[in-house]
Visitor: 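There's a structure below that I have some questions on.
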Amino acid sequence: MTSALKTHHRILLTGAAGGLGTALRERLKANCDVLRLSDKNAFGDAQAGEEIALADLADAAAVDAAVAGCDAIVHLGGISVEAPFEAILQANILGVYHLYEAARRHGVKRVVFASSNHVVGFYKQSETITADHPPRPDGFYGLSKAYGEDLSRFYFDRYGIETACVRIGSSFPEPKDRRMLATWLSFDDLHRLIGACLSTPVLGHSIVFGMSNNAVTWWDNSRARHIGYVPQDSSDVFRDAVFARTAAPDLNDPVAIYQGGGFVVADPNK
């Protein structure tokens, strides 16, 4: 399996104006004839091989129009940080429901859903977990992603829509701190992972941890071997630099105890 395999005619990329959407915009064109880009607000003109369909995820009709004519969806849209429940409800809970309802109506049979490591943020950094461990969300954001995983499983069981729930760790050009040495996912590996999810012959309903080939990790990805994802990058090359510029963690601090890091102490109501 290769991230550059053209598997679909038209792919919808939601959250196209966000950090990861921007990183994937050019990369995903290798996987389709037409890449339809969607976000809540205007973000410029379509380039060659692109279409733009603006849609607020809380607007069911707009989401339906964005999905129409697509044969796969890469769903990055929504709120990606901790926030008050009312905001999370509109973008991440109603939004993912609207997306799957549109997929059902228009016959879309494959979705890559950007879940998050914050679905399991209250497991300890001293533990190694698999996708079979029960969710332990570390906030409203993580809770909304756990809901999305369950919703996508229902739409697979009931309607046959295959989904890869990718529990993205920390996808940035390089790790920012010591926690990210365990959670880092390079942009190229993110594309490799999504490409594998789009091209594997049988996806079913799969939960995958989105991480590069890091020496230190809290996640066992072996249950996703059928997807064919082989990461090529590693946080290890940044280790010395990260240690040099960051202080040793306080091992009594919840941020250093739990896998969710700062999310476990963030108060969305402040």
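Since the structure is predicted, the reported quantities are computational estimates derived from the model, not experimental observations.
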Visitor: Which other residues end up in the same hydrophobic cluster as F243, if Ile, Leu, Val, Met, Phe, Trp and Tyr are linked when side-chain heavy atoms come under 4.5 Å apart?
Guide: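 Answer for F243: L181, W184, V237, F238, V242.
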
Visitor: Please lay out, stage by stage, how Q259 and R136 fare under the test side-chain contact (heavy atoms from CB on, under 4.5 Å).
Guide: CA-CA 10 Å; Q259 295 184 12; R136 294 182 65 179; over 6 Å; no

Visitor: Any side-chain heavy atom of V216 within less than 4.5 Å of one from N214?
Guide: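 No, every pair of side-chain atoms sits at 4.5 Å or beyond.
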
Visitor: Surrounding CG of D45 (heavy atoms of other residues, nucleotides or ligands, distance under 6.0 Å), is the total greater than 12?
Guide: no

Visitor: Would R192 and D233 count as a salt bridge (charged side-chain N to carboxylate O under 4.0 Å, His left out) if you check the C-alpha gap in whole Å, the side-chain angles of each, and the deciding distance to 0.1 Å?
Guide: CA-CA 10 Å; R192 291 182 186 104; D233 299 322; 3.5 Å; yes

Visitor: Would you find more than 12 non-hydrogen atoms of other residues, nucleotides or ligands less than 6.0 Å from R239 atom CZ?
Guide: no

Visitor: Cation over ring, K176 on F172, under 6.0 Å and within 45°?
Guide: yes

Visitor: Answer whether the closest heavy-atom distance between the side chains of L203 and I227 falls below 4.5 Å.
Guide: yes

Visitor: Checking side-chain hydrogen bond (donor to acceptor under 3.5 Å, both in side chains) against D189, which of S212, S234, S171 comes through?
Guide: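 When S212, S234, S171 are each tested with D189, the side-chain hydrogen bond (donor to acceptor under 3.5 Å, both in side chains) holds only for S212.
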
Visitor: Measuring only between side-chain heavy atoms, which start at C-beta, is F187 closer than 4.5 Å to P173?
Guide: yes

Visitor: Any chance the side chains of H106 and D64 put a donor and an acceptor closer than 3.5 Å?
Guide: yes

Visitor: If only atom types and distance count, is the side chain of S152 paired as donor or acceptor with the main-chain N or O of E149 below 3.5 Å?
Guide: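 At least one qualifying donor-acceptor pair exists.
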
Visitor: For the residue pair G139 and E82, what are the closest heavy atoms and their distance?
Guide: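 Scanning both residues, the minimum pair turns out to be CA-OE2, 3.0 Å.
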
Visitor: Does the pair S206 and H226 meet the rule for a side-chain hydrogen bond (donor to acceptor under 3.5 Å, both in side chains), with working shown?
Guide: CA-CA 9 Å; S206 301; H226 65 286; 2.8 Å; yes

Visitor: Membership question, hydrophobic clusters at under 4.5 Å side-chain separation (ILVMFWY): are L89 and F263 in the same one?
Guide: yes

Visitor: Would you check if the side chain of S199 reaches a backbone N or O of G195 as a donor-acceptor pair within less than 3.5 Å?
Guide: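 Judged by distance alone, yes, a pair lies under 3.5 Å.
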
Visitor: Please report the interatomic distance OG(S144) to CD1(I79), rounded to the nearest 0.5 Å.
Guide: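 S144 OG to I79 CD1: 8.0 Å, rounded to 0.5 Å.
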
Visitor: Output the distance between atom CG (L190) and atom CD1 (I194), rounded to the nearest 0.5 Å.
Guide: 4.0 Å

Visitor: Say whether V166 and L28 are linked into one hydrophobic cluster, either directly or through other cluster members, by side-chain heavy-atom distances under 4.5 angstrom.
Guide: yes

Visitor: Salt bridge or not for R27 and D188, using N-O below 4.0 Å?
Guide: yes

Visitor: Considering residues, nucleotides and ligands other than K40, do more than 12 of their heavy atoms fall under 6.0 Å from its NZ?
Guide: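 Not buried by this count: 12 neighbours or fewer within 6.0 Å.
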
Visitor: State, without any angle test, whether H191 and N31 hold a side-chain donor-acceptor pair at a distance under 3.5 Å.
Guide: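 Their side chains do contain a donor-acceptor pair, which is all the 3.5 Å distance test asks for.
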
Visitor: Which pair of non-hydrogen atoms, one from A224 and one from I207, has the smallest distance, and what is that distance?
Guide: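 A224 and I207 have their closest heavy atoms at CB-O, 4.4 Å.
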
Visitor: Salt bridge check, R153 against D150: does any charged N sit closer than 4.0 Å to a carboxylate O?
Guide: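 Looking at R153 together with D150, the answer is no, because their closest N to O distance does not fall below 4.0 Å.
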
Visitor: How close do L57 and A91 get, counting heavy atoms only, and between which atoms?
Guide: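 That closest heavy-atom pairing would be CD1-O, 3.7 Å.
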
Visitor: Mind checking whether L198 and L12 sit in one hydrophobic cluster, side chains of I, L, V, M, F, W, Y counted as touching below 4.5 Å?
Guide: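 They do not share one cluster, since no chain of ILVMFWY contacts under 4.5 Å joins L198 to L12.
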
Visitor: Could you tell me if the side chain of F156 sits less than 4.5 Å from the side chain of T163, heavy atoms only?
Guide: no

Visitor: Looking at every heavy atom in both S38 and A53, which two are closest together, and how far apart are they?
Guide: OG-O, 2.7 Å

Visitor: Can you list the steps and then say if T128 with T217 is a side-chain contact (heavy atoms from CB on, under 4.5 Å)?
Guide: CA-CA 7 Å; T128 302; T217 179; 5.9 Å; no

Visitor: As an exercise, state the distance from CG of D220 to CG of D132, rounded to the nearest 0.5 Å.
Guide: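 One finds 9.5 Å between CG of D220 and CG of D132.
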
Visitor: When clusters are formed by joining ILVMFWY residues with side-chain heavy atoms under 4.5 Å apart, either directly or through shared neighbours, do V119 and Y141 land in the same one?
Guide: no

Visitor: Is it the case that the side chain of H133 and the backbone of T130 share a donor-acceptor pair, with hydrogens and angles ignored and the cut-off at 3.5 Å?
Guide: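 It does hold such a pair.
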
Visitor: May I ask you to decide if C32's main-chain N or O and R10's side chain share a donor-acceptor pair within less than 3.5 Å?
Guide: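 It does not hold such a pair.
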
Visitor: Would you find a donor on one side and an acceptor on the other, under 3.5 Å apart, between the side chain of N221 and the backbone of F209?
Guide: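 Yes, N221 side chain to F209 backbone: donor-acceptor pair under 3.5 Å.
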
Visitor: Report yes or no: does E162 contribute a side-chain atom to a donor-acceptor pair with the main-chain N or O of G204 at less than 3.5 Å?
Guide: yes

Visitor: Do Y123 and W218 sit in the same hydrophobic cluster, where Ile, Leu, Val, Met, Phe, Trp and Tyr count as joined when their side-chain heavy atoms come under 4.5 Å apart?
Guide: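 The answer is yes; both residues are in one hydrophobic cluster.
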
Visitor: Using a 6.0 Å cut-off, check whether atom CZ of R158 has over 12 heavy atoms from anything other than its own residue.
Guide: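 12 or below, so no.
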
Visitor: With a cut-off of 6.0 Å (strictly less than), are more than 12 heavy atoms of other residues, nucleotides or ligands near CZ of F43?
Guide: yes

Visitor: When you look at I73 and V112, which way does the side-chain contact (heavy atoms from CB on, under 4.5 Å) test go after all the steps?
Guide: CA-CA 6 Å; I73 300 170; V112 180; over 6 Å; no

Visitor: Do the side chain of K145 and the main chain of R167 share a donor and acceptor less than 3.5 angstrom apart?
Guide: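 No; zero donor-acceptor contacts below 3.5 Å.
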
Visitor: Return the minimal non-hydrogen interatomic distance between S235 and M180, and the atom names on each side.
Guide: CB-O, 4.3 Å

Visitor: Could you check whether any side-chain N or O of Q125 sits under 3.5 Å from a backbone N or O of Y258, counting only pairs where one atom can act as donor and the other as acceptor?
Guide: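 Yes; at least one donor-acceptor contact below 3.5 Å.
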
Visitor: Considering only heavy atoms from C-beta outward, does the side chain of V63 approach that of D59 to under 4.5 Å?
Guide: no

Visitor: Looking at CD1 of I161 and CZ of F154, how far apart are the two atoms once the value is rounded to the nearest 0.5 Å?
Guide: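 Between atom CD1 of I161 and atom CZ of F154 there are 10.0 Å.
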
Visitor: Would you mind reporting whether Y100 and V67 have side-chain heavy atoms less than 4.5 Å apart?
Guide: no

Visitor: Does the T14 side chain pair with the main chain of G77, one donor and one acceptor, at a distance under 3.5 Å?
Guide: yes

Visitor: Quick one: do R104 and E101 make a salt bridge, cutoff under 4.0 Å?
Guide: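 Yes, this pair counts.
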
Visitor: Is the number of heavy atoms from other residues, nucleotides or ligands within 6.0 Å of CZ (R223) greater than 12?
Guide: no

Visitor: What is the distance from atom CZ of R110 to atom CD1 of I11, rounded to the nearest 0.5 Å?
Guide: 10.5 Å

Visitor: Walk me through whether W219 and N117 qualify under side-chain contact (heavy atoms from CB on, under 4.5 Å).
Guide: CA-CA 9 Å; W219 308 321; N117 70 96; 3.5 Å; yes

Visitor: Between the side chain of Q90 and the main-chain N/O of A87, is any donor-acceptor distance below 3.5 Å?
Guide: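 Checked: no pair found.
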
Visitor: Atom CG in L193, atom OH in Y229: separation rounded to 0.5 Å?
Guide: 5.5 Å

Visitor: How about I93 and Y97: do any of their side-chain heavy atoms sit closer than 4.5 Å?
Guide: no

Visitor: Quick one: closest heavy-atom pair of D250 and A256, and the distance?
Guide: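 Nearest heavy atoms, D250 then A256: O-CB, 3.4 Å.
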
Visitor: Is any side-chain heavy atom of L35 closer than 4.5 Å to one of L13?
Guide: yes

Visitor: Check the side chains of D33 and H9 for a donor-acceptor pair under 3.5 angstrom, ignoring hydrogens and angles.
Guide: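 There is such a pair between these side chains.
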
